[in-house]
Amino acid sequence: HYFKRIPCSTNNRLKFMTNINLDYDKNVDIDFNECELISLVTNIFNYLKIPSDTELNILLSDNKTIKELNSRYRGLNEATDVLSFSYTYEGKYYGNKQQIDTDNINFPKSNLITSQLGDLIISVEYIKNQNTNDLKIINKEIKKLLLHGILHLSGFDHENNEETKIMNETANSIIKQLKI
């Protein structure tokens with residue numbers, strides 16, 4: 001792996017949720033502090049009153065992977081910064097004709113007692129291209145995209161002006177409170 005992760009130490013006093021699954025594509029190249037991201041997700045969950053046993057899958061990826069997913073599931077043949085896949089809220093398909101029949105997708109049954117919020121895919125490559133490889137800015141953008149994705153998975157959207165206003169106000173309040 002070219003990706004440097006700083007794992008949470010076992011003697012860390014903070015108790016992190018074990019149901020936040022953080023992974024990355026092998027060709028993603030960035031340094032990040034896993035404990036910091038998990039702590040951020042924990043605090044966002046607390047702010048939004050999401051039960052602490054809720055499962056969330058996060059993949060830090062590249063443009064190729066996110067473009068393929070965006071094309072397949074949203075009909076948009078382009079890279080983007082973040083995609084969120086909810087188990088509860090259906091997204092919008094923008095293509096002419098959906099290439100897959102989502103009614104025939106069988107999601108695996110979870111043996112976990114926890115509820116599942118969904119999956120987030122963040123393209124680190126997309127963020128790096130937008131931010132001239134400034135690591136401090138990139139890490140801040142990853143945090144904002146985590147928040148943005150969690151808001152989507154929690155039912156927030158920006159399909160019209162009213163929804164956009166509510167989502168932005170909620171995001172700005174969390175950003176201010178958590179000092180993102």
Side-chain angles (χ1 to χ4, degrees), residues 1-5 17 19-32 34 37-38 40-41 44-45 48 50 54-112 114-133 135 137-160 163-164 167-168 170-171 180:
H1 295 285
Y2 303 105
F3 196 86
K4 231 180 177 178
R5 285 168 61 163
M17 295 185 288
N19 49 318
I20 297 172
N21 305 307
L22 182 59
D23 205 358
Y24 55 94
D25 283 337
K26 65 181 180 210
N27 55 340
V28 171
D29 181 20
I30 189 170
D31 292 331
F32 79 97
E34 184 176 353
L37 292 183
I38 291 173
L40 174 64
V41 172
I44 293 169
F45 275 24
L48 295 172
I50 296 172
T54 301
E55 185 175 4
L56 174 64
N57 301 310
I58 303 165
L59 174 64
L60 300 177
S61 190
D62 60 11
N63 282 345
K64 180 181 180 224
T65 301
I66 208 160
K67 180 179 178 181
E68 289 171 5
L69 293 168
N70 203 19
S71 178
R72 182 173 182 183
Y73 294 104
R74 296 182 66 227
L76 299 172
N77 191 26
E78 61 192 28
T80 188
D81 51 5
V82 63
L83 289 174
S84 54
F85 296 96
S86 173
Y87 297 105
T88 308
Y89 303 102
E90 189 173 324
K92 184 175 179 182
Y93 188 81
Y94 295 92
N96 294 331
K97 181 180 177 194
Q98 194 156 2
Q99 310 247 334
I100 59 167
D101 182 2
T102 56
D103 292 333
N104 292 328
I105 295 175
N106 293 318
F107 290 101
K109 301 272 188 247
S110 174
N111 293 329
L112 300 173
T114 63
S115 60
Q116 296 180 344
L117 189 60
D119 303 318
L120 293 179
I121 297 94
I122 296 174
S123 175
V124 174
E125 181 181 357
Y126 189 93
I127 298 165
K128 286 172 96 173
N129 291 342
Q130 300 295 314
N131 294 290
T132 62
N133 283 328
L135 187 59
I137 293 172
I138 291 167
N139 284 331
K140 189 173 189 166
E141 285 304 308
I142 289 172
K143 291 174 185 177
K144 286 182 178 180
L145 290 172
L146 275 173
L147 170 60
H148 186 85
I150 291 169
L151 287 173
H152 275 301
L153 294 175
S154 301
F156 290 85
D157 215 334
H158 42 77
E159 290 293 320
N160 62 49
E163 288 178 350
T164 300
M167 186 170 180
N168 287 343
T170 304
I180 297 175

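- Counting heavy atoms from C-beta on, the side chains of Ile58 and Asp23 never come closer than 4.5 Å.
- By the side-chain contact (heavy atoms from CB on, under 4.5 Å) test, Ile137 is found to be paired with Asn131, Asp134, Glu141, residues two or more places apart in sequence or in another chain being considered.
- Listed by chain and number, the residues in a side-chain contact (heavy atoms from CB on, under 4.5 Å) with Thr80 are Ile66, Asn70, Leu83 (sequence neighbours excluded).
- Within the 4.5 Å cutoff, the side chain of Tyr87 has no heavy atoms near those of the Leu117 side chain.
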Problem set entry | Test side chain to side chain contact (heavy atoms under 4.5 Å, CB included) applied to Leu151 and Leu48, step by step | CA-CA 9 Å; Leu151 287 173; Leu48 295 172; 3.9 Å; yes
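- For the salt bridge (charged side-chain N to carboxylate O under 4.0 Å, His left out) condition, no pair includes a residue of residues 144-154, sequence neighbours left out.
- Atom-to-atom distance recorded for Glu125:CD and Lys67:NZ is 11.0 Å, nearest 0.5 angstrom.
- Residue Ile121 forms a side-chain contact (heavy atoms from CB on, under 4.5 Å) with just one option from Leu145, Leu59, Asn57, and that option is Leu59.
- In this structure, CZ in Phe85 is found 15.0 Å from CD in Gln116, a value given to the nearest 0.5 Å.
- Taking Lys143 as the reference, Glu36 meet the salt bridge (Lys or Arg N to Asp or Glu O under 4.0 Å) condition, with sequence neighbours excluded.
- In this structure the side chain of Ile122 never reaches within 4.5 angstrom of the side chain of Asp81, judged on heavy atoms.
- For the pair Asn63 and Asn129, the minimum side-chain heavy-atom distance is below 4.5 Å.
- The side-chain hydrogen bond (donor to acceptor under 3.5 Å, both in side chains) pairs that include a residue from residues 145-157 are His148-His152, His148-His158, His152-His158, where partners are two or more places apart or lie in different chains.
- Distance NZ/Lys140 to CG/Leu135: 13.5 Å, rounded to 0.5 Å.
- The side-chain contact (heavy atoms from CB on, under 4.5 Å) test with Leu56 is passed by exactly one of Ile150, Asn21, Asn19: Ile150.
- One N or O on the side chain of Thr164 and one on the backbone of Asn160 form a donor-acceptor pair closer than 3.5 Å.
- Distance check, rounded to the nearest 0.5 Å: OG of Ser84 to CG of Leu120 gives 6.0 Å.
- In this structure, the side-chain contact (heavy atoms from CB on, under 4.5 Å) partners of Gln130, at least two apart in sequence or on a different chain, are Tyr126.
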Exercise. Given Ser61 and Ser123, is the side chain to side chain donor-acceptor pair (under 3.5 Å) satisfied, shown in steps?
Worked result: CA-CA 5 Å; Ser61 190; Ser123 175; over 6 Å; no
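- Side-chain contact between Val124 and Asp25: absent, with no pair of heavy atoms (C-beta onward) separated by less than 4.5 Å.
- For the atom pair NZ of Lys64 and CG of Leu69, the computed distance is 11.0 Å after rounding to the nearest 0.5 Å.
- Rounded to the nearest 0.5 angstrom, Ile44 CD1 and Leu147 CG are separated by 4.5 Å.
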